[in-house]
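Take a look at the structure set out below.
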Amino acid sequence: MKPYLQYLVILLDDTSVAYCHADNPLKERNLMPIETLKKAILFGMKQNLMIQYVYPEYELPAEYNEVIESIDNLKIGRDVKVTNEVPTAVDCDNIVLRIKIKDLIAKQYDIAALLPSVKRMNICLTDIETFKDEQIAEYKKALNTLSTVIVNLYKEQKHPQLNILTDRLTLKEMHNCEAGIGNITIAPNGKFYLCPAFYYDEKTGVSNKMNHKTKDASRSVGDLENGLCIPNKQLLELDHAPLCRNCDAYHCNRCIWLNQKLTWDNNTPSHQQCVIAHLERNAARDISAKLSKAGYNLPEIKEINYIDPFDVKEEW
Amino acid sequence: MVKNMEKKKVGQVTLDEKNEIQTLFERKNGLAELSKILTADNADLYEKLVKDMGETSTKFQNWWNRMADKYKWESAKNGNWEINFDTCEIFLVCGTECNCNK
Amino acid sequence: MIIQDLNDSWQAGTAKNITFIVTKDCQLACKYCYLVGKNETERMTWETAKAAIDYILDHEEDRNFKQESVVFDFIGGEPFLEIDLIDKICDYIKSEMFRRNHHWFNSYRFNFSTNGINYDSEKVQKFIEKNRTHLSIGITIDGTKRKHDLNRVYKGSEKGSYDDVVRNIPLWTKQFPEAGTKVTISSADLPYICESVLHLYDLGIKQVNINCVFEDVWKEGDDQLFEEQLMELADKIIDGGKYEENACSFFSENMGKPLDCKLQNNNWCGAGRMLAVDAAGNFYPCTRFAQYSLRDKEAWIIGNTKDGIDENKLRPFLTLDRCTQSTEECKDCEVAEGCAWCQGENYDAAKTHTVFERATAICKMHKARVRANNYYWNKLYRKLELEGKREEFEQNKPTNKTDIC
C-alpha cells in the first residue's frame, strides 16, 4: 500500500533528544507553548495520527503531563531510550543507539553483547557522510559479528530485532523513514517540518540554497494555523526516486535530510547511504541463508553484484 | 571525360574498419596541428611527435592499401577515394581529367 | 590517394563536453540573456585553466572522463575577449594530451559560441588557422537587422550590434560552410521569426538552430503569433524551394507524438554529463548551474580544481529521467515528443532545491510549434510526392543538428 500520513512527531522542546541521524545542535531550552501543544494534538486527532512526543532531558512542567496524556502516544526519550554511548547493560526493551561508524566498529562486541537483553535495538549512524569505501571491510566485519549473535539467538528461539540486520529479513517492499509522507514533525514554534533535522538546520541558519542573495534558511512545510503544505511532495515518494524505486535494500532509512545534505536533492541518496544499506542488506542475506538451514521460512534475498545501485543504473 | 569533382560510391567498409581509419585520420590532424606549436627546443616531445607522425602516416596508408586490396574498389587516374564517417561509404572522387565514370 | 573527411556532424551525443567559462564579460548586453550575473571582473587566469586541465587529464580513467571523444567548449560572456588565454589553453591541451598518450588526442574538438564581433581580428584568425581541423565555431546572429538589434545591443547603450556581426558572416561561412547559427526567441521577437530565418539563409547560413527561451516570459496570444510566423515561414521555405539546402530546427520530423514513460524516458538535457569550470576553478554540471546563470538559486558547485569532483553532487543529474521530473500533464501530453527543457532553468524555477521539477513555461509555445511543424511536413511531402521527388529528398535532406542549449 502507498504510504500515507500516520505519525505526528512533536518536538516538545528545542533541546528534545536527537533520535535519528542528525545531531541536535540546539542547546537552549525552548519549550513548546502549551497552547501550541494542544493545537498540535488536536491536529493529530483530526488527521488520525499516532503521536510521538520527543522529550528533552529535563522534566516538563506538571501541567504538560495532563495535556500530553490526552491522547494515546509514544514517548521518545522516555519509553524509547535514546543513548549516544554503548551502555554496559540495558534496562528497557526498546533502545536507540546513536553512534559514529568508527565507534560501532570499535565496540561491535559490546553491542553484540547487549542483543540478548533487548527486544529491539535501532542503531543510528550519526556520521554516514564521512563513510569511506576503505571502511567497507571493517563495517562488514562488524555486521558479521552482530549477525553471528543474532543467528545463535534465533536458533535458541529468541528473536531480538536489530534494525540494520533483522528488518530486512521479513520485508517484501521498501520500508523507509518516509518523512513528509508517513510522518511529519511539529516544532516548538508551531511549524511543520519534514523531520527534526530540517528544524535544526533552520534554527542554525543553514542556507536552504533557494536564494543566493538572501541565504534564507527556512525549512518549514506549513503551520498549525494553515495546515500542511509540502512543495514537490511527490519527490518524497518512492516512485519519484529513480535510484530507490528499483532497489531492494528495503530496510534502508532513505533519509531525505541526508539526501538533501549530500546530493542536494531530496529524492537521491548518497553513495555512502547506498553502500551502507547494501552491506547491511547483504549481511541480512547471510543471516537469512543460515536461518533457512535452521528451519526458518524467510523470503528470499537475491545475490547481487553491486553495493551501490548507481553503478548499475543503466541496467534499469 | 567527366566534369570537375565527380563523386561515385564504390564501396563500403565495416564499422570497425571505419573506426580504425577515423582514429588515424583524427590523429594525423592532431599531430599536424601540434607540429605548429612544438619546436625542437622541447626535445623529448618533438622527437616523440616526429616519430608518431611517421608511424601514423604509415598506418594510415596501410589501411587504404589493405582495404583496397580486400574490397577491390574501382579506381581512376587522378581520382581519390573518400570515406564518409557517418555511413562508412567509400566514394571515388575525381578532379580534372578523370575517367571514373567510364 | 588523398583522403577527405566527409563528416560534418561530429560524435554527436557521445563526446564529453568540458566548458571553460573564460570570462563573464561581454561587449553586448542582450535583453534575453540568461546570464544574469555577467561582470568584468571574473576572468579566468592561466593558473586556474591549467589546474582544471591537469585535473581533467589526470583523471582519464574516472567514469566522468572515460568518453571516447571530448569537446572543449569556450563560452563567456564573449569567449573571444580572452583569445590569448584560449590560445594558451588549447596549445596546452594538445601538447599535454599528446605527452600523456591520452586517448582524447585521437578525438577532440574546440567549440566556440561567439557574438562574432571580433571574429575577423588578427588574433582570432590566427587561432583559427592554427587549429582549423579541430574547430567548430558558431556565430550568433538573430536574423534581420531589426530583429537582431531588438535584443543584441551593446552594453551601456541601446546600439544594436547587427552591422558589426554581419560583416563577419561571409568570412565565417567561407571558413565553416556547414556551421549553423543559434537564434533565440523571446516574446518581443515573435513578429520577426519568418523574415529572420529567411534572412539568415540569404546570408549563406544553411543551418539555423532556433529556440524559444525556456523562461516564463510568454504572454497571452504569443502562441498564436508564433504559430502564424512558423506557418508563414513554412510556406516561404517550401514555395521557395529552400528546403533542399537549408534546415531550421523549428521544423523537425521527430516531434509532436506522445511518449512512453518506459521506452522513451531519457532525459532531454546533458547536464551532469558535461563539466563546466569557471574563473574561480569551481566545477558545475553545466554552465547554467554557475551563479551568473541563476536568478535565484545558489550555484550547484560539484567540486573544484583542488578537491576534485564530489560524485554525490552529480548523482541527481545522472539519474534524471523524463517522467520523474515531469508533471502528470506532461506525461500524458499527446504532443510530448520534441518538447525541450533546460535543466538549469528547471532548477532555477523549481519550488524546492531540486533538478527533478520540470518548468513548463514553454508548453503553449511547443504546442503551437507542433501544429506548424505538422503543417510544414504535410505540405512539403505532398509537394515532393506530386513532383516525384520525395525519395530523392529523403536521401539527401539537410538535417538538424541536435543543438539544444
Side chains of [X] and [Y] only: does a donor on one sit below 3.5 Å from an acceptor on the other?
X        : Y        : value
C:Glu60  : C:His103 : yes
A:Asp23  : A:Tyr200 : no
A:Thr263 : C:Arg315 : no
A:Asp216 : A:Asn211 : no
C:Glu357 : C:Thr352 : no

Ignoring hydrogens and angles, tell me if any N or O in the side chain of A:Arg254 forms a donor-acceptor pair with the backbone of A:Cys177 under 3.5 Å.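 Between the backbone of A:Cys177 and the side chain of A:Arg254 there is no qualifying donor-acceptor contact (under 3.5 Å).
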
Measure [X] against the heavy atoms of chain C and call it side chain, backbone, both or neither at under 4.5 Å.
X        : result
A:Asp308 : side chain
A:Leu235 : side chain
A:Lys313 : side chain
A:Lys233 : neither

A:Trp264 ring centre to C:Lys313 NZ or CZ under 6.0 Å, with the angle to the axis within 45°?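 Satisfied, under 6.0 Å and within 45°.
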
Cation-pi between A:Lys191 and A:Tyr199: NZ/CZ under 6.0 Å from ring centre and within 45° of the ring axis?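 Ring-cation test returns no.
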
What part of C:Arg63 gets within 4.5 angstrom of chain A, counting heavy atoms only: side chain, backbone, both, or neither?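 It is the side chain, since no backbone atom gets that close.
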
Atom group of C:Leu318 that falls short of 4.5 Å from chain A, counting heavy atoms: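 Contact with chain A is through both the backbone and side chain of C:Leu318.
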
Does C:Tyr347 have its ring centroid less than 6.0 Å away from the ring centroid of C:Trp300?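 Yes; C:Trp300 has its ring centre under 6.0 Å from that of C:Tyr347.
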
May I ask you to list the residues in residues 266-279 of chain A that approach chain C closer than 4.5 angstrom, counting heavy atoms only, ordered by number?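 Expected list: A:Asn267, A:Thr268, A:Pro269, A:Ser270, A:His271, A:Gln272, A:Cys274.
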
